[in-house]
Amino acid sequence: FRSVGDHTGPMINAGDITANSDPYDCDASLTFSQAVTDACSGVATISVSYTVGGGAYTGGGSEMIANILPGGDTVDNLPLGVTEVMITATDSCNNSTTELVNVTIEDNSQPFAVCDDDLHVSLNNEGLAWITAEKFDEGSSDNCSEVTLEIRSLGCVGADWGPAAEVACCDAPNVVLELRVTDAAGNTNICWADLLIEDPLAPIVICKDDVTVDCNAVIDGGDFFTEPDATDNCGAVLIDTQDGGSLDNCHAGTLTRTWTYSDGSDKSADASCTQRVTYVHVSDFTVQFPPDVTIDTCPDELGDTGAPII
C-alpha cells in the first residue's frame, strides 16, 4: 500500500521588492499573490504582516495584517522606506510556507510647484527690489515631505538659484521668475511666472539759482540759463523745454525756462523746475549841459547857445 499526499507548502518567489510611492500619498499598494504558487493542491490563503510604520518585522505589537485571496488583491498603505514583510501562504492541504522579504518604497514623484502669477514689486530708491522664494510661492507641496524653495530671475541681473531674486530698472516692466521646488528625496519641479515691476519714485529736478544780469547782455547775445540737475532711481530723461517771459524796449524784464524730465514710469509723475533770468536796465550814461546864457536884448536870432553832450 502506497500513500500519496501533498505535504509541501506553497512556493514564495517574492524576493526583495522596490516600488514607488503613490504620487498623491506617501505610501504604496502592492500585489503579492503572483509570487506564490503551489504545484499540487493550489494556494488557499496568503497572509501578509508587517509592523505599522515600517522597519523590522517584530512579530508582535502593532502589526498590519492583510489576508489576500489568490487572484491579485493588494496590500495597501505600505510606508515610505524599508519594511520587512512576513508572507505566509497556505495551500488547500493546510501546508504553510513563510518568507520574510524587504519591501522598499521610494519617493520618485516630483513635488507640485505653484507660482504666484499676480505679483507686483516696487523698486526702491536705488532702482532695485528683491523677491523671496516664499513670497513667489503659492502653495507648492510634496506627497511625502516638506519642500525647499529656491528662486531666480531670468532678467538683466539674473543669478543662480537662491532664497531671493534681485530685479532692477532694466527688467521693467516685466521679468520672468522661476521657482524650484525640491523634496526630501531630491526630486525637483519648476514653475515660472511674469513679475510686474513698478517704479513709483518720480525724478528729482533741481534748477540752478535764478540770475540777474545787465540788460546789455541781451545786446551782447548772452544766454544765462543753465540746465538743471536731474536724478532718478532709474534714470531721468529730458522730455520738454519751455521758454517764457518778455523784455521791454530797453531789454529789461524777466525770461524763464522750464525743464521737464521723465523716468518713463506710468506709476510716477514727470518732474519740472523753472529758472529765471532777470535783465535790469542800467542808466550808465551822463549828460553835460552847456553853461547858462543871459541875454538882455531881443536879437532876431539867438545864435549858438550850446547843446547838451551825452
Side-chain angles (χ1 to χ4, degrees), residues 118-131 153 155-158 165-176 194-293 302-310:
D118 190 27
L119 192 63
H120 300 190
V121 66
S122 294
L123 299 172
N124 65 11
N125 60 350
E126 295 180 344
L128 301 173
W130 289 264
I131 301 88
S153 168
C156 61
V157 290
E166 182 181 3
V167 296
C169 297
C170 53
D171 289 313
N174 295 285
V175 66
V176 176
D194 283 339
L195 172 71
L196 178 62
I197 299 175
E198 298 175 332
D199 175 18
L201 303 179
I204 298 174
V205 182
I206 302 176
C207 272
K208 303 298 184 181
D209 292 338
D210 293 342
V211 178
T212 300
V213 296
D214 189 321
C215 63
N216 289 325
V218 178
I219 301 174
D220 296 337
D223 183 352
F224 294 90
F225 291 110
T226 304
E227 190 167 327
D229 296 323
T231 59
D232 185 76
N233 59 337
C234 288
V237 177
L238 179 64
I239 60 172
D240 187 52
T241 303
Q242 294 289 334
D243 289 337
S246 62
L247 302 178
D248 61 20
N249 291 334
C250 293
H251 303 136
T254 299
L255 299 181
T256 63
R257 182 166 294 171
T258 301
W259 289 269
T260 301
Y261 288 80
S262 174
D263 62 6
S265 172
D266 58 0
K267 294 297 181 180
S268 60
D270 299 335
S272 302
C273 75
T274 300
Q275 185 184 25
R276 295 166 179 81
V277 177
T278 300
Y279 297 85
V280 296
H281 177 69
V282 178
S283 298
D284 56 353
F285 57 89
T286 60
V287 179
Q288 181 180 351
F289 292 93
D292 293 341
V293 177
L302 294 178
D304 185 7
T305 59
I309 300 173
I310 299 175

query = Measuring from W259:CH2 to L238:CG, what's the distance to the nearest 0.5 Å?
reply = 9.0 Å
key: side-chain contact (heavy atoms from CB on, under 4.5 Å) partners of V211, counting only residues at least two apart   = V213, F224, Q275, V277
task = Evaluate whether atom CG of L201 has more than 12 neighbouring non-hydrogen atoms of other residues, nucleotides or ligands under 6.0 angstrom away.
result = yes
note = In this structure, OG1 of T231 is separated from CD1 of I206 (nearest 0.5 Å) by 6.5 Å
message = How close do S153 and A165 get, counting heavy atoms only, and between which atoms?
response = N-CB, 3.9 Å
key: Euclidean distance, D229 CG relative to C207 SG, rounded to 0.5 Å   = 9.0 Å
note = Sorted by chain and residue number, the side-chain contact (heavy atoms from CB on, under 4.5 Å) partners of T278 (sequence neighbours excluded) come out as T212, T254, V280
message = The criterion is salt bridge (charged side-chain N to carboxylate O under 4.0 Å, His left out); which residues satisfy it with D240, sequence neighbours excluded?
response = none
remark   = What one should report as the nearest heavy-atom pair of L255 and S246 is CD2-N, 3.7 Å
Pairs where residues 249-274 contributes a residue and the test salt bridge (charged side-chain N to carboxylate O under 4.0 Å, His left out) is met, not counting sequence neighbours = E198-K267, D223-R257, D243-R257
key: Contact summary for T256 and R276, nearest pair of heavy atoms   = CG2-CG, 3.7 Å
remark   = Closest non-hydrogen contact found for A168 with L128 is CB-CD2, 3.7 Å
ask   = Can D199 and C169 be said to form a side chain to side chain contact (heavy atoms under 4.5 Å, CB included), step by step?
value = CA-CA 8 Å; D199 175 18; C169 297; 5.7 Å; no
Side chain to side chain donor-acceptor pair (under 3.5 Å) pairs, two or more places apart, involving residues 120-130 = none
message = side chain to side chain contact (heavy atoms under 4.5 Å, CB included) for V237 and S262? Distances and angles first, verdict last.
response = CA-CA 5 Å; V237 177; S262 174; 5.8 Å; no
task = Using the test disulfide bond (SG atoms under 2.5 Å apart), find all partners of C250 that sit at least two apart in sequence or belong to another chain.
result = none
key: C273 SG to I204 CD1 distance, which is reported to the nearest 0.5 Å   = 12.0 Å
task = Could you point out which residue of D171, L119, N174 forms a side-chain contact (heavy atoms from CB on, under 4.5 Å) with L195?
result = L119
message = To the nearest 0.5 Å, what is the distance between CG on D232 and OG on S268?
response = 6.5 Å
